[in-house]
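Within every chain, numbering begins at 1; the chains are lettered A, B, ... in the order of the sequence lines, protein sequences first and strands thereafter.
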Amino acid sequence: MPELPEVEVTRRSFAGRISGARIQAARLGKPLRWPLGCPCEDLTGRTVAGVRRRGKYLLIDLKPSGVLLLHLGMSGSVLFDQGLPPPGRHDHFDLVTTQGTLRLHDPRRFGAVVYAQDEGAEPARKLLSGLGVEPLGGQFEAQAFHRALKDKKAAIKQVLLAGQVVVGVGNIYACEALFMAGIRPTLRAYRLSRPRADRLHAAICQVLEQALAQGGSTLRDFSNAMGQAGHFQLAAQVYDRAGQPCRRCQAPIRRIVQQQRSSYFCPDCQRP
DNA sequence: CTATGGACCTGAATGC
DNA sequence: TGCATTCAGGTCCATA
């Protein structure tokens, strides 16, 4: 479910409300992708200093020390509120604080909650190192983007999903950005000309900013930590539209599989 | 080093 | 209705 805009929407929906709260208890449900990395009891008594985001990870900074990395995987979502009902079968982490309970709901359990001393310490370092530049907030530059693509032999779609060049672009937004830029997902990254790389750079920024402004996509079941749904589905140009007419030229949208993931594109608007 | 495929897990939608 | 198959927003890891 969650790509960068959804994760950022989630962060904004509870960061302010949880900051300054004192942790009273933590509890785990079924195993997530990785073990927490510390006993739940070790968290009690600490204070939440703030919530940051890096790629698709949420970083919950603790005082006097420690950080919780939270990843939503494919099906995760977060709730933060007071007086939450008892955990259900897909609620796998609760952080009970003086200002409310943070709850990770994740049916497929590809998500994770991981504790580290700080973001440079294991296991956080390993998860965060190797992540590319943040696409929003001014660090993402067209020239550097083009240069980075130059030594990637893989298809551009795969390079975007890998997150080593730029983070946060998942399957939906990769498809949408490539459509906006008029680029076939199968085109090898190093073959992008500077003008096409520039277009893709702009498209990535635009599609992510737009989704963020609209509160995150909701192709299936996304909602933020206050239970509100997003609206991106209204704007999808190609994702999940196989066989339907391109909104720009009417040609049927095609679906192909790359790296065992679906790619959608318009054969006329997007050129190899 | 790259490229590929499998792994993790559950639920919804589709097909016979 | 029941049962099997396919697909889903992610990403790590083993293998060649």
>> Is it true that Arg255(A) and Ser262(A) share a donor-acceptor pair across their side chains at a distance under 3.5 Å?
In response: yes

Do [X] side-chain and [N] base share a donor-acceptor contact under 3.5 Å?
X         : N       : answer
Arg109(A) : dT10(B) : no
Arg261(A) : dA8(C)  : no
Glu3(A)   : dG10(C) : no

Do the side-chain N or O atoms of [X] get closer than 4.0 angstrom to the phosphate oxygens (OP1, OP2) of [N]?
X         : N       : value
His90(A)  : dC9(B)  : no
Gln259(A) : dT4(B)  : yes
Lys56(A)  : dG10(C) : yes

> Which whole-number value in Å describes the distance from Leu58(A) CG to dG10(C) P?
Replying inline: 15 Å

> CH2 of Trp34(A) versus P of dC12(C): gap in Å, rounded?
Replying inline: 6 Å

>> With nearest nucleotide decided by heavy atoms, which residue, Asp151(A) or Gln260(A), maps closer to the 5′ end of DNA chain B?
In response: Asp151(A)

> Under the side-chain hydrogen bond (donor to acceptor under 3.5 Å, both in side chains) criterion, do Glu6(A) and Tyr173(A) qualify, and how do the steps go?
Replying inline: CA-CA 11 Å; Glu6(A) 292 74 29; Tyr173(A) 299 120; 2.5 Å; yes

> Hey, is CZ on Arg191(A) packed in by over 12 heavy atoms from elsewhere, all under 6.0 Å?
Replying inline: no

>> Cation-pi check for Phe179(A) against Arg248(A): NZ or CZ below 6.0 Å from the six-membered ring centre and within 45 degrees of the axis, yes or no?
In response: yes

>> Heavy atoms only, 4.0 Å cut-off, all strands: where does Tyr190(A) land among base, sugar-phosphate and nothing?
In response: nothing

> Hey, is Phe110(A) stacking on dC9(B)? Ring centres under 5.5 Å, planes under 30°.
Replying inline: no

